[in-house]
Amino acid sequence: MAVSTPTYTTSIHDSPTLLPENLASFVTAASLAARLSLRCSSVFVEALFEAAKYGTVLSLGISRQALTNALATAKRLHTLTYPTSDKAVSEAESNGFLRVLDKYTNLGIYIVHNTFTLAELFALSGLQLTSQTVKSGFKTAEESVRIIDGIFGSNETSRAIASIITLVHRELMQDPEFELARTGKMTILAGLTKAMTTFAVLQFVTHKRMMKQIKFTVLWEGLVLEEEEDDNNALVHFEKPPKDMIRELEQVLVQSMDDTLYEITTTTQRTTTTTTRIQPVSKEPKDAKYVVVRSDEESQQAFMAVVDRPSSAPTGRELVLASPKPTQGDKKINVVVSALSQKMTRKQVDRQEKYGEKDGSLIAGSIVASDSKKGLFLKGAQALTRANRKQLIRQRRSSTGNVLTIPSLSPINENSPRIYRSHSISNSTTLATTFTSSSSASATPKALPSIITTNITTSTNVNLLTTTTDPHVPHQHLVSNIARFMRYASAAYGEAFMKILGIGNIPSVFKSSSHHPNHHAFAHHTGVALDDILLSSYTDRTILTMHHPSIHELVHYVTVDHAAQAIVLTCRGTLGLSDVLTDLTCSYSDVNLPEIDSGEFKAHGGMLEAAQMLAKEKGKVFRAIRDGLDQHPNYGLVLCGHSLGGGVASLVGVLWSEKNTQGNFVLSPSSGLAAGRPIHCYVYGPPCVMSYDLSQYCRGLVTSVVHRYDIVSCLSLGLLKDFKNVAVSLQAEADVADQILAKVINRYRTTTVDDSEDDWFWALIKTMRADMRADKLYPPSTVYTVELIPSRHKQYRAVLSRCDDIQARFSEIVFSRTMFMDHSPTMYEKVIRQLCRGFFGQDRAYENL
């Protein structure tokens, strides 16, 4: 039976401030006055510098023009003073005076112009640098004052900090069941540290056994090649021509030097046949299984050779890959060879299997291909219904271009009928399965699996992966939707943070416009137009806007996605003091849903308040979404976000939705939005935001994606209660922790593994878990996990799974070296990008969705 965790549902607004109320109010008033003075001073100083810039440009421009006019006027006066008779003009021209005068006058004008231009450049650069330094100083001072006000003033952030401190103090110092509380703060810290360390060590040595007991359903698994690091976006990748081709070209040039332009095409064909025989030792050869794989590979590449005479050297842009120098007489000839096209490779694989004795037909078997799914299904059904089915031959053919195919056939679900899928990163892969029968009775295995023939294309929804269909929004494949809205979630972090983390290919400079730079970055990464951003947290910001310390609504974007036919609300993850305080306000709060009996529903207190702020009818977010849905009557609503943004987005979806008569989630009438429209949430790395019952209620409403051992998806207040119980148990048995560490260290020092020690470790961690029964929060269901596991050289195994037991998986932290990095939006984008490359068979499938 679960042990209850104390819940403190007092609102932040009712909590006391960190300092006494009178002193906190004084700090807030002084902070406001200081910030106003700093803001006014910044505006005044900026105006002074702008005036200085304009004054400098104007004065230097007038001076430059005056000197230039003076020199030009002097030249004209000297020209007019000379006599105009032909004889006098010829004498003047003869001594060259006018030419010298014209030359030095132009030189003087040039020197004056450039001198004043350089002076203007240096003056403006100095003024700009000084202006930016002063403005940065004012902003830093204003932000420092705001932080001090947020911590010690009379505002929501100060109350939140006080509330968090009070909550931790109650849990650690005022819990009557926590025996270490009576021994002092250092004992508490040491006990909790020992508990976490001991549990982490035990979990490490029993990790494989633990993961086997957690129920997962593998939806897709395949090998993908590592993306090239160098110039992946180039249209043509040039390669050095083979040496054999250069030698042949030299011979041709020696024999004939009349032509200057040669086209060279190299075609390479390889055929490989591999035969594998599997035979039980105790049985006859007729019971053996033969597998023959024949691979035909053809590569083709085109080059252009230009014979260049010594008088015409090659340009700097030409790629000189070889310079054979045949001679004709004493003249040297240069040859420039460059690749015209990328190396194209086509590979055909024939795979045949047979039970029984080997014969020639197995090697010479033809490939059976069909242009339609219907033909494949009919042939497979006819083969399976034959009464005298004695022999099974499965032939497989795949043809690819540019990309190497990774053939792999594995069942998606062991408990269901076996469904075979081609794991390939080529968009032209086709899987054809045929069956033939033989009269040999001994060639048939005792049990034949049920096989479904499938023709794989980029738009095929296969069995378990047809999760996102009507009436979900958008009406596209699950993998497509996960990839599309991952870009939204990561783009919400803004231009600067995306560049720091290397998210997307963000240009260094955007075109100047009235939009905020974060709007440009968001539109660039998601593929939406700037005008389709209906609202964001950066829309109404002006120089006079004062942001007071508060637990404000999350940074958000409201956009129209015409491709997905949806209005999209994107919430940003943790990136600021107020976001951190929202995370740390981790007490459990009741969730009241008028449509159902929600008496047992609990949620993360801070995230629930943030969700309620976004969902309030008088807010700008609500109005923007309502107007967007009204303007697009056929569009649904999608909410997405990463980390904190994902948790808040899922709670907003819970507050705005209800189940219709078909059991599908739609916008509820109480939400105030267009009732009956489909709604769905896509969240990435979501925190533990809701109780188990509420998480199960969200099935069909929320799609949660968790990357490997992401620690954020396992953290909740109940874990603190769990480790308190473990710390008390370890204190009662002081030698247990030392024994665990000694046995683990000895385990990795020796080469032999003692099975009895494994059982001892497993029994011990099960005993610890028996004390870890506090009520916890969980990510919203349905939860999908994504992994990218190194397989071979430059190959990774991408795995998409569905977690069928979130209590077992997310009730404790899975300690790992990568548990913090696994939460990064950069890692989520990397793994989902590789998943798309493998599943859809296109190198840029993630970017093109």
>> Rounded to the nearest 0.5 Å, what separates atom CG in Leu554 from atom OG in Ser578?
In response: 7.5 Å
> How far apart are the C-alpha atoms of Trp656 and Leu673, what are their side-chain angles, what is the distance that settles it, and do they pass the side-chain contact (heavy atoms from CB on, under 4.5 Å) test?
Replying inline: CA-CA 8 Å; Trp656 277 347; Leu673 299 172; 3.8 Å; yes
> Roughly how far, to the nearest 0.5 Å, is CG of Leu192 from CZ of Phe723?
Replying inline: 9.0 Å
> With side chains defined as the heavy atoms from C-beta onward, is the minimum distance between Val706 and Pro686 less than 4.5 Å?
Replying inline: yes
> Side-chain donor-acceptor pair under 3.5 Å between Tyr493 and His642, yes or no?
Replying inline: yes
>> Would Asp843 and Arg833 count as a salt bridge (Lys or Arg N to Asp or Glu O under 4.0 Å) here? Give the steps.
In response: CA-CA 9 Å; Asp843 281 340; Arg833 178 183 293 108; over 6 Å; no
>> Check this for me: does any side-chain nitrogen of one of Arg209 and Asp759 sit under 4.0 Å from a carboxylate oxygen of the other?
In response: yes
> Tell me, do Glu221 and Leu800 make a side-chain contact under 4.5 Å, heavy atoms counted?
Replying inline: no
>> Run Met827 and Thr818 through side-chain contact (heavy atoms from CB on, under 4.5 Å) and show every step you take.
In response: CA-CA 11 Å; Met827 295 302 299; Thr818 62; over 6 Å; no
> What's the verdict on side-chain contact (heavy atoms from CB on, under 4.5 Å) for Lys602 and Asp590, showing C-alpha distance, side-chain angles and the deciding distance?
Replying inline: CA-CA 5 Å; Lys602 302 287 185 182; Asp590 294 327; 2.3 Å; yes
> Are the side chain of Tyr828 and the backbone of Gly685 linked by a donor-acceptor contact shorter than 3.5 Å?
Replying inline: yes
>> So does Lys194 get a backbone contact from the side chain of Thr197, meaning a donor-acceptor N/O pair under 3.5 Å?
In response: no
> Do any N or O atoms from the side chain of Arg487 and from the backbone of His525 form a donor-acceptor pair under 3.5 angstrom?
Replying inline: yes
> Under 3.5 Å, is there a donor-acceptor pair between the side chain of Ser671 and the main chain of Leu667?
Replying inline: no
>> Counting C-beta onward and ignoring hydrogens, is there a side-chain heavy-atom pair between Val568 and Phe485 closer than 4.5 Å?
In response: yes
>> Just verifying a value: how many Å separate Ser704 OG and Phe810 CZ, rounded to the nearest 0.5 Å?
In response: 8.0 Å
> Is there a side-chain contact between Met690 and Tyr778, using heavy atoms and a 4.5 Å cut-off?
Replying inline: no
>> Checking Glu847 against Arg837 for the salt bridge (Lys or Arg N to Asp or Glu O under 4.0 Å) test, could you report, in this order, the C-alpha distance in whole Å, the side-chain angles of both residues, the deciding distance, and whether it holds?
In response: CA-CA 10 Å; Glu847 291 78 8; Arg837 290 181 67 234; over 6 Å; no
> Would you say Arg817 and Tyr709 make side-chain contact, with heavy atoms under 4.5 Å?
Replying inline: no
> What distance separates Glu757 CD from Leu764 CG, expressed to the nearest 0.5 Å?
Replying inline: 12.0 Å
> Okay, side chain of Ser716, backbone of Cys688: is any donor-acceptor separation there less than 3.5 Å?
Replying inline: no
>> For Phe178, does the six-membered ring have the charged nitrogen or CZ of Lys724 within the cation-pi criterion, i.e. under 6.0 angstrom from the centroid and within 45° of the normal?
In response: yes
> Is there a side-chain contact between Arg769 and Met210 (heavy atoms, below 4.5 Å)?
Replying inline: yes
> How far apart are the closest heavy atoms of Ile806 and Pro779, and which atoms are they?
Replying inline: CD1-O, 4.0 Å
> Can you check salt bridge (Lys or Arg N to Asp or Glu O under 4.0 Å) on Asp175 and Lys721, steps first, answer last?
Replying inline: CA-CA 10 Å; Asp175 185 0; Lys721 181 71 173 178; 3.0 Å; yes
> Are the aromatic rings of Tyr488 and Phe522 close, with centres under 6.0 Å apart?
Replying inline: yes
>> For Tyr846 and Gln834, which I'm curious about, is there any donor-acceptor pair between the side chains at under 3.5 Å?
In response: no
> Judged by atom type as modelled, is there a donor-acceptor pair below 3.5 Å linking the side chain of Asp805 to the main-chain atoms of Lys215?
Replying inline: no
> Is there a donor-acceptor contact under 3.5 Å from the side chain of His604 to the main chain of Ser587?
Replying inline: no
>> Checking side-chain polar atoms at under 3.5 Å, does Asp561 have a donor or acceptor matched by the opposite partner on Tyr635?
In response: no
> Within a radius of less than 6.0 Å around NZ of Lys659, do more than 12 heavy atoms belonging to other residues, nucleotides or ligands occur?
Replying inline: yes
>> For Pro687, is there any backbone N or O sitting under 3.5 Å from a side-chain donor or acceptor partner on Ser713?
In response: no
> Mind checking whether His477 and Phe839 have parallel, tilted or perpendicular rings, split at 30° and 60°?
Replying inline: tilted
> Can you check whether Asp710's main-chain N or O pairs, donor with acceptor, with His823's side chain at less than 3.5 Å?
Replying inline: no
> Are Phe601 and Tyr588 close enough that their ring centers fall under 6.0 Å?
Replying inline: no
> By ring-ring contact (aromatic ring centres under 6.0 Å, His included), which residues pair with Tyr684, not counting sequence neighbours?
Replying inline: none
> Do you know the tightest heavy-atom contact between Ala603 and Leu651?
Replying inline: CB-CD2, 4.1 Å
> Strictly by modelled atom types, are Ser657 and Ser668 linked by a side-chain donor-acceptor pair under 3.5 Å?
Replying inline: no
> Is there side-chain contact between Leu225 and Gln795, with at least one heavy-atom pair below 4.5 Å?
Replying inline: yes
> In Å and rounded to the nearest 0.5 Å, what is the CG to CG distance from Asn725 to Leu730?
Replying inline: 11.0 Å
> Among Asn481, Asn664, Thr703, whose side chain to side chain donor-acceptor pair (under 3.5 Å) with His680 holds?
Replying inline: Thr703
> Would Arg572 and Asp579 count as a salt bridge (Lys or Arg N to Asp or Glu O under 4.0 Å) if you check the C-alpha gap in whole Å, the side-chain angles of each, and the deciding distance to 0.1 Å?
Replying inline: CA-CA 9 Å; Arg572 191 191 69 183; Asp579 297 334; 2.9 Å; yes
>> Which heavy atom of Cys571 sits nearest to which heavy atom of Leu614, and what is that distance?
In response: SG-CD1, 3.7 Å
> Can you tell me how far CG of Leu202 sits from CZ of Phe815, rounded to the nearest 0.5 angstrom?
Replying inline: 11.0 Å
> Can you tell me if Lys776 uses its side chain to pair, donor with acceptor, with the backbone of Ala774 under 3.5 Å?
Replying inline: yes
> Shortest non-hydrogen contact from Leu788 to Lys830?
Replying inline: CD2-CE, 4.3 Å
>> Quick one, Phe665 and Glu658 - any side-chain contact, counting heavy atoms below 4.5 Å?
In response: no
>> Regarding Thr570 and His556, do their side chains bring together a donor and an acceptor under 3.5 Å, going by distance alone?
In response: no
>> Working note: His707 + Ile832, criterion side-chain contact (heavy atoms from CB on, under 4.5 Å); need CA distance, chi angles, decisive distance, verdict.
In response: CA-CA 9 Å; His707 172 225; Ile832 295 175; over 6 Å; no
> Can you name the residues that form a salt bridge (Lys or Arg N to Asp or Glu O under 4.0 Å) with Arg699, not counting sequence neighbours?
Replying inline: none
>> Can you give me the closest heavy-atom contact between Ala737 and Thr198, atom names plus distance?
In response: CB-OG1, 3.7 Å
> Looking at Ala491 and Thr526, what are the two nearest heavy atoms and their distance?
Replying inline: CB-CG2, 3.9 Å
